[in-house]
Amino acid sequence: MMSLSGIQYYFQHNRIKLLYLFCSLFLLVLLLERVLIVFSYHGQIAGIDNNFSYPVMRLLKSLDIYPDPENYPFAVNPYAPVFFYISWCVCKLFGIQASDGIQIFFVTRGLCLLFDLATTYVLYRIMHKKLSVSAPLAFATAVFFLFQVSYWSYTMNRSDSLILFWFSLIVSFFISYLNKSSVKFLFIIALLCNLAVFTKQNALIFPVAIGTVLLYYKKWNHLTVLILFQACLLGLSLLLFTRLYPDGHFLAHLVRALNNKIDFRWFYVEIFKRLTSSYIIIPLAAGIFIAIRHILQRKKDDMTAISLIAVIQTAWSLAIALKWGSHVGYLHESFFCLFIIIAVCAEKKMVLSKINITYPLLFILTFIFANTALQLYFYNINDQKEEKKAYQEQQQVANMVLKELPPEKYVFSYTDFYHDFFKVLLQDKVVLPNIDAVDCCTLPDGNFNYTRLWEGFKTGKIEFIIYHKDSVFTFYQGADLTKYKYYQTIGNYSIYKHFD
């Protein structure tokens, strides 16, 4: 048996190998869990992710993903289109059709996993190759970052994963530009910013942040070039999509639908409390402190650029998070920069004071690993038999309803719309597929006119209503449901039919 001194000697001389071993183990377990989540029958991973599979289904049926929000099926899609078109292409590649239901979810979740892994790799490359962070520290930081975004879960089946990937490439190419001052990098950055904006609208801050750094560095000519590149690309893309979706529907979905109210109570509960009650507040506060201190030193180096981007991005993310319906995932891009700043700072401190942070890193990563692994398992992977059974029941309900439904009629599903698959299984026949956006914002805030919807309940244009069998059949937002009578029950779902 090895003596205590022998164990100490082994740990002392193999600490880097141990760090790699632990981080690799953590990464493998996380990847296993993420793959299991991709093929999970859980309908809700985070952030009402079935909203991101519904537009892909519509594309597979050759339908608009931005239809008239004031007419059937009253769809509200407040998300930009790039993620949906990439998902549609992959579905076509694998022969997946609109009627394939859960397989659409498998594709969108799988793509999100690939984007997250690509982002993690870019983060590692930036730290190690561009900013000279040692490989062990860069690897540990990248793994920590992947654990964090997985813990929040907002990149598991949402376009947040793709916008984060675009952002990582923007930061990487911008560092290359600062070192080489080549205009070609500005064109690539403008192109990536354009892709990001048409992936998720909050990316409008990306070119602003890059432009602010150029302004700070007094690169007037290159700032002008970036503005011209960006204006042309945004203008051409906007022209393309407004031609694809005429009658103002494209902007109605992406602008008017997002005109929801500022809610300080929501911000306190969903943003402030989640941050302050979690360990993540430590890198957030530490990263911002280091970034501001570096900016005040007035150096014109890579770290100043990343610090400026981090501060601007964080301020923007917290500002838009004041709106109802926001989530902590808005801070993904901020944490990408802050993790870089902290890693660079830690590297310098270690070199100057010869501090060995291997063991603190192992301790932190072990805690994060255990917490994240358990959370992901219990919330998204556990009880798959029950989840699959629920999905199969929803399939039976959808098949029965679609079989009996006249071509000109529709269905209203008022079940657990955050978690169920009806908005995809019922295809283009479900009204209010994005009922969460309607309930929270577009209906109470008066963004759209729902007169035709109320008439549909009254006249029978909406033929069936699906309820959970344990729910009390009452009313929806004051709609007249007096002509709907119980029709039949399948599994846990009761179906009501309109009778004149």
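Between His327 and Tyr154, the ring planes lie parallel to each other; the angle is under 30°, not in the 30° to 60° tilted range. Note: Phe250 and Phe198 have parallel aromatic rings, judged against thresholds of 30 and 60 degrees for the angle between ring planes. Classified by interplanar angle (parallel below 30°, tilted 30° to 60°, perpendicular above 60°), the ring pair Phe336/Phe145 is perpendicular. The aromatic rings of Phe139 and Tyr124 stand perpendicular to each other, their planes meeting at an angle above 60°, with 30° marking the opposite boundary. The aromatic rings of Phe22 and Phe26 lie perpendicular to each other, with more than 60° between the two planes, well past the 30° mark.
Between Lys200 and Asp160 there is a salt bridge, since at least one side-chain N of the basic residue sits less than 4.0 Å from a carboxylate O of the acidic one. Using a 4.0 Å cut-off between charged nitrogen and carboxylate oxygen, Glu70 and Arg256 count as a salt-bridge pair.
Within the 4.5 Å cutoff, the side chain of Val424 has heavy atoms near those of the Phe105 side chain. At least one side-chain heavy atom of Leu146 sits less than 4.5 Å from a side-chain heavy atom of Leu117. Using a 4.5 Å cut-off on side-chain heavy atoms (C-beta onward), Met156 and Arg34 make contact. You'll find the side chain of Phe457 reaches within 4.5 Å of the side chain of Leu481, heavy atoms only. A 4.5 Å side-chain heavy-atom check between Ile163 and Phe206 finds at least one atom pair inside the cut-off. Under the 4.5 Å side-chain criterion, counting only non-hydrogen atoms from C-beta, Tyr245 is in contact with Ile65. A 4.5 Å side-chain heavy-atom check between Met400 and Gln488 finds at least one atom pair inside the cut-off. Counting heavy atoms from C-beta outward, Val107 and Val56 have side chains that stay 4.5 Å or more apart.
A donor-acceptor pair under 3.5 Å is formed between the side chain of Tyr486 and the backbone N or O of Thr489. A side-chain donor-acceptor contact under 3.5 Å links His253 to the backbone of Asn77. Put simply, the side chain of Gln201 never gets that close to the backbone of Val255: no donor and acceptor are under 3.5 Å apart. The closest donor-acceptor contact from the side chain of Ser326 to the backbone of Leu322 lies at 3.5 Å or more, if one exists at all. Looking only at distances, no side-chain donor or acceptor of Tyr391 sits under 3.5 Å from a matching main-chain atom of Phe421. Judged purely by atom type and a 3.5 angstrom limit, Arg58 uses its side chain to pair as donor or acceptor with the backbone of Asp64. Under a 3.5 Å cut-off, the side chain of Thr242 and the backbone N or O of Leu239 do form a donor-acceptor pair. At least one donor-acceptor pair under 3.5 Å links the side chain of Thr108 to the backbone N or O of Ile104. Although no hydrogens or angles enter the test, the distance criterion places no donor-acceptor pair under 3.5 Å between the side chain of Gln313 and the main chain of Ser334. Without hydrogens or angle criteria, Asn157 side chain to Phe52 main chain gives no donor-acceptor distance under 3.5 Å.
Taking the six-membered ring for Trp and the full ring otherwise, the centers of Phe422 and Tyr493 sit less than 6.0 Å from each other. Side-chain rings of Phe335 and His332 stay apart, their centers remaining 6.0 Å or farther from each other. Checked against the 6.0 Å centroid threshold, His249 and Tyr66 do not count as a close aromatic pair. In this structure, Phe267 has its ring center at least 6.0 angstrom away from the ring center of Phe272.
The number of heavy-atom neighbours closer than 6.0 Å to NZ of Lys458, taken from other residues, nucleotides and ligands shown, is 12 or below. Other residues, nucleotides and ligands place no more than 12 heavy atoms under 6.0 Å from the OH atom of Tyr268. For Tyr121, the OH atom counts as loosely surrounded, since its 6.0 Å shell holds 12 or fewer non-hydrogen atoms of other residues, nucleotides or ligands. Counting non-hydrogen atoms of other residues, nucleotides and ligands closer than 6.0 Å to CH2 of Trp266 gives a total above 12.
Closest non-hydrogen pair, Ile342 versus Pro283, comes out as CD1-O, 3.4 Å. Between Arg109 and Ile37, the closest heavy-atom pair is NH1-O, 3.3 Å. Tyr484 and Gly456 make their closest contact through OH-O, 4.0 Å (heavy atoms, listed as atom of the first residue, atom of the second, distance). Nearest heavy-atom pair, Gly287 versus Leu338, reported as atom, atom and distance to 0.1 Å: C-CD2, 3.4 Å. The minimum heavy-atom distance linking Tyr54 with Gln427 is given by the pair CE1-O, 3.8 Å. Among all heavy-atom pairs drawn from Pro73 and Tyr410, the shortest one is CB-CE2, 4.4 Å.
Screening Ile465, Val411, Ile490 against Ile495 for a side chain to side chain contact (heavy atoms under 4.5 Å, CB included) leaves a single residue, Ile490. For the pairing with Phe464, the ring-ring contact (aromatic ring centres under 6.0 Å, His included) check across Tyr487, Phe499, Tyr496, Phe412 returns one residue only, Tyr487.
Atoms CZ and CG, on Phe448 and Asp68 in that order, are 9.0 Å from each other to the nearest 0.5 Å. The OG atom of Ser317 lies 11.5 Å from the CD1 atom of Ile312; values are rounded to the nearest 0.5 Å. Within the model, atoms CG of Leu254 and CZ of Phe241 stand 9.5 Å from one another, a figure rounded to the nearest 0.5 Å. Atoms CG and CG, from Leu426 and Asn399 in turn, are 9.5 Å apart once rounded to the nearest 0.5 Å. To the nearest 0.5 Å, atoms CD1 (Ile340) and CD1 (Ile309) are separated by 9.0 Å. If you take OG on Ser172 and CG on Leu123, they are separated by 10.5 Å, rounding to the nearest 0.5 Å.
No hydrogens or angles considered: nothing links the side chains of Asn194 and Gln230 as a donor-acceptor pair under 3.5 Å. Using a 3.5 Å distance cut-off with no hydrogens or angles, the side chains of Thr155 and Asp116 do pair a donor with an acceptor. Between the side chains of Lys423 and Asn51, at least one donor N or O lies within less than 3.5 Å of an accepting N or O.
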**Message:** As a quick check of understanding, evaluate side chain to side chain contact (heavy atoms under 4.5 Å, CB included) for Glu270 and Val328, giving each step before the final call.
**Reply:** CA-CA 7 Å; Glu270 296 295 328; Val328 289; over 6 Å; no
**Request:** Go through the steps to decide whether Ile189 and Ile210 satisfy the test side chain to side chain contact (heavy atoms under 4.5 Å, CB included), and finish with yes or no.
**Result:** CA-CA 9 Å; Ile189 289 166; Ile210 298 297; 4.3 Å; yes
**Message:** Apply side chain to side chain contact (heavy atoms under 4.5 Å, CB included) to residues Trp316 and Val208 and explain how you reach the verdict.
**Reply:** CA-CA 11 Å; Trp316 166 258; Val208 174; over 6 Å; no
**Prompt:** Under the side chain to side chain contact (heavy atoms under 4.5 Å, CB included) criterion, do Leu405 and Lys429 qualify, and how do the steps go?
**Reply:** CA-CA 9 Å; Leu405 192 71; Lys429 288 300 179 180; 3.8 Å; yes
